[in-house]
There are 2 protein chains.
Amino acid sequence: MPDLDAIDRKILASLQTDSRLTMQELADKVGLSVSPCHRRVKLLEERGVITRYVATVDQKALGLHVSVFISIKLARQKEEDLNRFARAISKWDEVLECYLMTGNRDYLLRVVAADLSSYEAFLKNKLTRLDGIASIESSFALSQVKYSIALPV
Amino acid sequence: MPDLDAIDRKILASLQTDSRLTMQELADKVGLSVSPCHRRVKLLEERGVITRYVATVDQKALGLHVSVFISIKLARQKEEDLNRFARAISKWDEVLECYLMTGNRDYLLRVVAADLSSYEAFLKNKLTRLDGIASIESSFALSQVKYSIALPV
DNA sequence: CAAAAATTGGTATAATTTACCAAAGAGACG
DNA sequence: CGTCTCTTTGGTAAATTATACCAATTTTTG
C-alpha cells in the first residue's frame, strides 16, 4: 500500500471541504489535468482512504437544540460487556459519537436531542435500561464553538 | 420558512448517508420523479438545511492514531475572553470539535494527532501558549466505538 | 545509460445534472 | 359542489460532468 504523496493530500484536503467540486476544478486546485486527478480520486476510494461522501445538515434547522456529552462507567469491563454496550449504542441515532476512554470513565458519548424532555426520554427509555451500567453523568453543551469533519492532512 | 415534510426528511436521511446518489436513485428512494426531487434538494441547500457536501477520510489511513478530549477552564469567562479563545481554537486543524459547556469546565475539545509526541507538540506549542487558561485536562480515547455525521431526522 | 514501469494528458463517449414547460393535485371561497 | 388560484409534479431536451481509452511523457530500476 503506497502512501500518500503531496498531491493526494491536496485532493483529500479539498474533498474534505467540498466534495462537489468538479474534476476540472479539483484538478486545477491540485495542479493536474482531469485524467490523472480522476484516477487518483478513484484509487483513494478503492484503498479506503476516502470512506464516503455525505451531505451535512444544519442542527438548528432540524430543531435539535440540545447537545450532551455523557460519561459512562460500566459495572464490569470484560470484552463481552464492552461489546454488548457497543452494539446497543450503535443502534441509536441520537448517539453521534462514542469513545472507549482511558481514565475514570469507560465511555464518552455525544448525543443530540430536540429539547430537554426528549433527551430525558432518551435517558429513561434507552440508556438507563441497558444492563451493566454503573453510572451516567451528563454534561450539556451551551454552544458549538467549532465542528469540523476535516481531518488534518 | 416552511418546515420539512416527510419527503424532505427522507432526502436528508439519504444524503447524510450517501451524497453521491444520483438524482434518479434519490428520487426512487423517496418516491418522486427526478424533477421535483431535484428542486427539493436545491431548496434545502438554499434554505441552509443542507450546509455542505464533504468526503470523509479514514483516520487510520492518515496515520492519526491519537484522539483526545480536552477539558479547559479559563481564568475569566467574560465575552471578550470567550471570543479570543474561540478564534484561536478555530485556526487549528487538530481541533475537530469545540463546545462551550455547562458545569465545572468551560470548554470541551476533541483533538486528533498522529501520536503522543505530536499531541505533546500541540499542547506545548499551541494550547498552553494561549493566555487566560486556568487548567487543561486531557482524556485519551482508546477506540472510536461510533462516529456518525448523520443527525437524526 | 537504457529498458521497464508508472503516471500523465487529451479525446471521445456515456452518464448525470439542470432548465423549461405542460399537466396534475391541493387549497380557498362563493 | 364546483371553479379559480397556487403549488407541486413529471417528462423532455440541452448543458455539464464523469469516465474509459490510448498515446506521450516522466520516473524508476538495473
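Within 6.0 Å of atom NZ in B:Lys29, 12 or fewer heavy atoms from other residues, nucleotides or ligands are found, so the atom counts as exposed in its surroundings. The 12-atom threshold is exceeded at CD of B:Glu25, counting heavy atoms of other residues, nucleotides or ligands nearer than 6.0 Å.
Contact check, A:Ser35 against C:dG9: no side-chain N or O comes under 4.0 Å of OP1 or OP2.
The stretch residues 18-32 of chain B comes close to DNA chain D through B:Leu32, each having a heavy atom under 4.0 Å from the strand.
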Next item on the list: For side-chain contact (heavy atoms from CB on, under 4.5 Å), just list the numbers for B:His65 and B:Val112, CA-CA rounded to whole Å, side-chain angles, deciding distance to a tenth of an Å, and then say yes or no.
Entry: CA-CA 8 Å; B:His65 299 290; B:Val112 296; over 6 Å; no

Next item on the list: In sequence, state the C-alpha distance, the side-chain angles, and the governing distance for A:Tyr119 and A:Phe140, and then conclude on ring pair (Phe, Tyr, Trp, His ring centres under 6.0 Å).
Entry: CA-CA 11 Å; A:Tyr119 176 63; A:Phe140 291 86; 5.5 Å; yes

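Rounded to whole Å, the distance from CG on B:Asp8 to C1' on D:dT7 is 14 Å. D:dA15 atom P lies 16 Å from atom NE2 of B:His38, rounded to whole Å. Counting to the nearest Å, the P atom of D:dA18 and the CG atom of A:Leu43 are 17 Å from each other. The nearest whole Å value for the distance from the CG atom in A:Asp5 to the P atom in D:dT28 is 11 Å. Rounded to an integer number of Å, the gap from CZ of A:Arg40 to C1' of C:dA6 is 11 Å.
Checking C:dT18, D:dT9, D:dT19 against every side-chain atom of B:Val34, the shortest atom distance belongs to C:dT18. With C:dT11, C:dT7, D:dG11 as the choices, the nucleotide that has an atom nearest any side-chain atom of A:Arg39 turns out to be C:dT7. With D:dT19, C:dT18, D:dG10 as the choices, the nucleotide that has an atom nearest any side-chain atom of B:Lys42 turns out to be C:dT18.
Side chain of A:Ser19 to main chain of A:Leu15: no donor-acceptor pair is present (N/O by atom type, distance under 3.5 Å, no hydrogens or angles).
Side chains of B:Ser67 and B:Gln59: a donor-acceptor N/O pair is present below 3.5 angstrom, by distance only.
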